[in-house]
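By convention in this document, chain letters (A, B, ...) are assigned in the order of the sequence lines, proteins followed by strands, and residues within each chain are numbered from 1. Every heavy atom of this structure was used, including side-chain atoms; hydrogens, water molecules and symmetry mates were not.
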Amino acid sequence: MAWSDALDPQSPAFGIAASANARVRVIAGPGTGKSFAMKRRVARLLEEGVEPASILAVTFTRVAAEDLHRELVGMGVPGCEALNGVTIHSLALRILMRNHVLGATGRIPRPLNDFELKPLEADLADAHGGVRELRKKIKAFEAAWARLQQDEPGYVQHPDDLAFERDLYGWLIFHRAMLIGEVIPQLYSYLHANPLAQERSEFRHILVDEFQDLNRAEQGVIALLSDAADVCIVGDDDQSIYSFKHAHPEGIRSWLATNAGADDLTLDDCRRCPTQVVAMANALIASNVNRPIPRALTPLAANGGGDVRILQYATLDDEVVGVTNLISGMVAGGIPPGDILVLAQRGVIGTPIYEALHARNIPVRSYYAEAELNAQNAQERFAYLKLLVDREDRVALRWLVGLNSANWRCRGYRRLRGYADGQAISPWQALCAIADGQAQVAHTGALVERFRVIRAELDRLGTLHADVGVLGVVDDLFPEGDDGVRDLRALSLSLLENDAGMMPEDFLTRLSDAITKPEIPSEIEDVRIMSLHKSKGLSAPVTIIAGCIEGLLPKQPRDGLSAAETLAEIEEQRRLFYVGISRVKSSPAAGKPGTLILTNSRMMPLATAMGAGIAPAQVNYGDAHMITSRFIREMGAAAPAPVPG
DNA sequence: GGGAGAGACGTTTTT
DNA sequence: CGTCTCTCCC
């Protein structure tokens with residue numbers, strides 16, 4: 001295939017593929033064929049003899065990276081199989097490892113699981129304004145302290161932030177661990193400090209997908225990698241939904257100002273969605289006031305109007321049953337389960353739908369994160385497994401000695417850490433010394449008592465392993481019938497199925513990977529249930545968004561915000577809904593009109609509402625009364641009238 | 001250091 | 001409504 005095959009030279013896609021400008025920005029609305037245009041651009045580069053290794057295609061999420069990689073490799077152009085599609089985090093880690101940046105500063109790339117953040121938070125909270133403030137600080141640190149688009153990354157602005165960074169590094173170095181997110185500030189400062197670093201001129205062509213998802217630090221990393229590269233960024237400020245990690249729509253908007261002379265191209269023809277959905281999406285997003293470049297998607301008549309329904313149920317239970325019935329009916333009618341995408345912003349809505357479909361033997365998969373480690377006993381057994389493999393896993397030990405204490409025994413642990421540091425020994429060695437009476441450290445009684453239990457349990461597991469191997473240990477740690485570890489058991493057994501004699505450390509590595517980096521299947525065979533965030537970049541012939549109520553979509557803005565900040569939160573929620581409805585794909589030729597179903601319910605138990613952080617409009621004897629999302633109204637006359645479900 | 005009781009909050013993502 | 005977090009007190 002030649003890169004320009006069947007491409008109209010007047011089309012924007014041609015322009016994107018052909019532009020020889022060293023800086024190109026593409027604003028591409030949902031479903032406008034940006035992957036297609038990027039692919040053609042890469043094909044052109046390869047045909048012109050550009051080294052595949054000098055082309056960098058980078059995105060923010062693994063789903064998008066693997067998608068891009070698959071598309072690029074599938075082009076059939078010579079050299080395409082050598083192309084890389086990477087997440088910015090994996091790229092960062094690779095560059096840091098290659099340059100021994102981490103080793104030189106005493107760092108070990110042992111990532112923390114989500115649940116392992118608890119003791120870190122407890123250990124640092126006192127000195128840094130409490131756990132809540134601390135979490136915000138971690139987010140800002142991961143953005144290299146550039147909380148706003150106009151902030152310069154890498155420069156700590158407040159003395160508090162500086163003290164926090166010092167303590168955080170201290171904790172991570174002592175515990176021989178890393179935050180996933182810290183690779184970004186690390187890489188930024190490495191590249192910034194080393195203008196002669198090979199990586200700054202390694203790439204000739206950089207393509208960035210979903211650019212609006214990058215925060216200022218991540219944008220800075222891209223800029224520092226671009227010394228010798230042509231850069232093409234693709235994204236959509238209307239799909240910017242990651243303000244919680246300090247990515248703002250201004251990022252892609254202001255890129256032209258900092259890249260003078262850049263080409264500015266736009267993709268507006270919505271090739272994916274039915275025309276009615278395009279009209280609804282346009283009406284919806286027009287309600288965003290803070291939108292300097294008002295644009296609209298152009299519908300494609302050939303896509304047909306689609307099948308759009310807005311359904312209301314009396315109660316949340318009815319909604320769950322209703323959605324389940326709809327899906328069963330579709331599957332019974334011959335629609336492949338993999339064509340169906342269910343979006344629910346909270347587990348309380350998504351999980352019951354998942355369970356109900358599961359009970360009806362409909363293939364279904366839930367994409368809510370790290371679900372295997374939700375239960376505390378799952379976390380505990382997993383920590384034991386880590387310690388069994390490596391007694392010097394300081395994070396796992398820290399977690400276990402703090403377990404079942406509200407403050408994770410942070411005061412005793414502080415003394416222990418001081419002692420271990422002073423003696424230049426590890427916490428494990430220090431605890432052994434104290435437990436065996438060879439050393440005394442005041443106020444560590446509770447800690448050492450816990451340690452004795454942990455050590456005995458590890459001895460037991462060690463013996464068990466010697467007797468019955470990894471499989472026996474798995475059976476002991478994740479026993480059948482224990483709901484909390486059900487998923488861990490299933491996952492472990494599937495890993496050991498063909499290789500029961502695996503070394504424990506290999507088993508642990510594979511188990512960790514399976515939990516934190518689940519495989520993204522290329523053939524979708526299940527009904528998919530996920531958050532709206534996760535759905536970015538995906539499309540499906542049938543898209544169902546459940547829970548379209550005020551307080552959830554949009555979520556209740558946080559308290560204490562200024563009017564402008566509140567507006568910004570609502571506008572981001574509107575963009576989130578815009579992303580959601582534009583997932584639906586029509587293929588009239590294949591008999592798939594493109595089905596979009598939006599559901600809500602008028603009432604749910606108060607406990608459910610409060611449990612999910614949904615502010616009810618009114619409460620009556622334990623029933624929370626909900627009202628329909630404003631977004632339904634904002635889609636205007638383009639949307640069908642809501643009907644009972 | 002740790003327990004009791006009052007008060008806040010609940011999501012989304014990255015190897 | 002639960003769970004987590006914070007403060008106060010022993």
Side-chain angles (χ1 to χ4, degrees), chain A residues 59-65 86-94 96-97 109-114 118 121-122 125-126 129-135 138-139 142-143 177-184 210 213-215 217-218 241-247 343-350 367-370 376 404-415 442-449 509 512-513 515-518 530-536 547 551-556 558-560 569 572-573 575-576 579 604-616 619 622 624:
Chain A
T59 68
F60 169 55
T61 64
R62 270 174 53 249
V63 172
V86 297
T87 65
I88 193 160
H89 285 79
S90 64
L91 175 74
L93 188 60
R94 204 170 67 196
L96 293 172
M97 297 291 279
R110 187 277 197 203
L112 290 174
N113 280 103
D114 277 353
K118 289 279 176 188
E121 290 168 357
D126 278 358
V131 173
R132 243 156 244 135
E133 192 55 34
L134 188 96
R135 285 183 187 153
I138 290 177
K139 281 276 167 282
E142 289 177 343
M178 280 191 74
L179 299 175
I180 297 159
E182 75 169 291
V183 294
I184 301 296
E210 306 283 15
D213 293 343
L214 305 191
N215 61 32
E218 291 157 343
I241 54 178
Y242 286 108
S243 66
F244 64 82
K245 63 153 214 168
H246 302 291
L343 305 179
Q345 202 55 0
R346 290 287 194 285
V348 283
I349 299 182
Y367 287 73
Y368 295 99
E370 272 191 35
Q376 186 181 285
N404 293 328
S405 158
N407 58 8
W408 293 83
R409 304 193 174 86
C410 63
R411 282 174 267 201
Y413 191 79
R414 192 175 305 145
R415 289 165 185 273
H443 300 291
T444 54
L447 210 62
V448 173
E449 194 183 319
T509 305
S512 295
D513 283 355
I515 294 166
T516 55
K517 294 181 282 189
M530 63 182 73
S531 67
L532 280 85
H533 282 86
K534 275 241 172 65
S535 75
K536 178 103 80 77
L552 185 56
L553 273 171
K555 67 158 193 174
Q556 186 74 12
R558 285 170 298 157
D559 285 342
E569 288 215 336
E572 178 167 297
Q573 291 286 299
R575 294 193 291 269
L576 190 60
V579 167
M604 66 176 77
L606 179 63
T608 307
M610 300 306 279
I614 305 166
V619 178

Starting from P on B:dT12, measure out to CG on A:L343 and report it in whole angstrom. 13 Å
With a cut-off of 6.0 Å (strictly less than), are more than 12 heavy atoms of other residues, nucleotides or ligands near CD of A:E133? yes
Let me spell it out: for each of A:H533 and A:R415, pick the nucleotide of DNA chain B with the closest heavy atom. Which residue's pick is nearer the 5' end? A:R415
Euclidean distance, atom CD of residue A:Q556 to atom C1' of B:dA8 [Å, nearest integer]: 15 Å
Go through B:dT11, B:dT13, B:dT15 for me and flag the one nearest to the A:F60 side chain. B:dT13
Separation of the P atoms in C:dG2 and B:dT13, to the nearest angstrom: 26 Å
Between NZ of A:K245 and C1' of B:dT11 the distance, given in whole Å, is 16 Å
If I take atom OH in residue A:Y242 and atom P in nucleotide B:dT11, what distance separates them, rounded to the nearest angstrom? 16 Å
Would you please name every residue forming a side-chain hydrogen bond (donor to acceptor under 3.5 Å, both in side chains) with A:E569, sequence neighbours left out? A:R558
Could you check whether the rings of A:H533 and A:Y242 sit parallel, tilted or perpendicular, using 30° and 60° as the cut-offs? tilted
Restricting to side-chain hydrogen bond (donor to acceptor under 3.5 Å, both in side chains), what partner residues turn up for A:E121, sequence neighbours left out? A:R135
How many whole angstroms separate atom CG of A:D213 from atom C1' of B:dT13? 9 Å
Roughly, in whole Å, what's the span from CG in A:D114 to C1' in B:dT13? 10 Å
Separation of the C1' atoms in B:dT11 and C:dC6, to the nearest angstrom: 23 Å
The criterion is side-chain hydrogen bond (donor to acceptor under 3.5 Å, both in side chains); which residues satisfy it with A:D213, sequence neighbours excluded? A:K536
Below 4.0 angstrom from OP1 or OP2 of B:dT14, is there any side-chain N or O of A:S90? no
With a 4.0 Å cut-off on heavy atoms, is A:H89 in touch with a base, just the backbone sugar-phosphate, or nothing at all? base
Which of the following nucleotides, B:dT15, B:dT11, B:dT12, is nearest to the side chain of A:R346? B:dT11
Contact state string [nucleotides 1-10 of chain C, B base, S sugar-phosphate only, - no protein heavy atom under 4.0 Å]: B--SSS----
Over how many whole Å does the gap from A:K555 atom NZ to B:dG10 atom P extend? 8 Å
Test ring pair (Phe, Tyr, Trp, His ring centres under 6.0 Å) applied to A:Y413 - qualifying residues, sequence neighbours left out: A:H175
I want to check one thing: is the phosphate of B:dT11, taken as OP1 and OP2, less than 4.0 Å away from some side-chain N or O of A:S531? no
Tell me what A:F244 touches on the nucleic acid: a base, only sugar-phosphate, or nothing, going by heavy atoms under 4.0 Å. base
Taking atom P of B:dT15 as reference, at what distance in whole Å does atom CD1 of A:I88 sit? 11 Å
Contacts of A:S90 that satisfy side-chain hydrogen bond (donor to acceptor under 3.5 Å, both in side chains) - sequence neighbours left out: A:T87
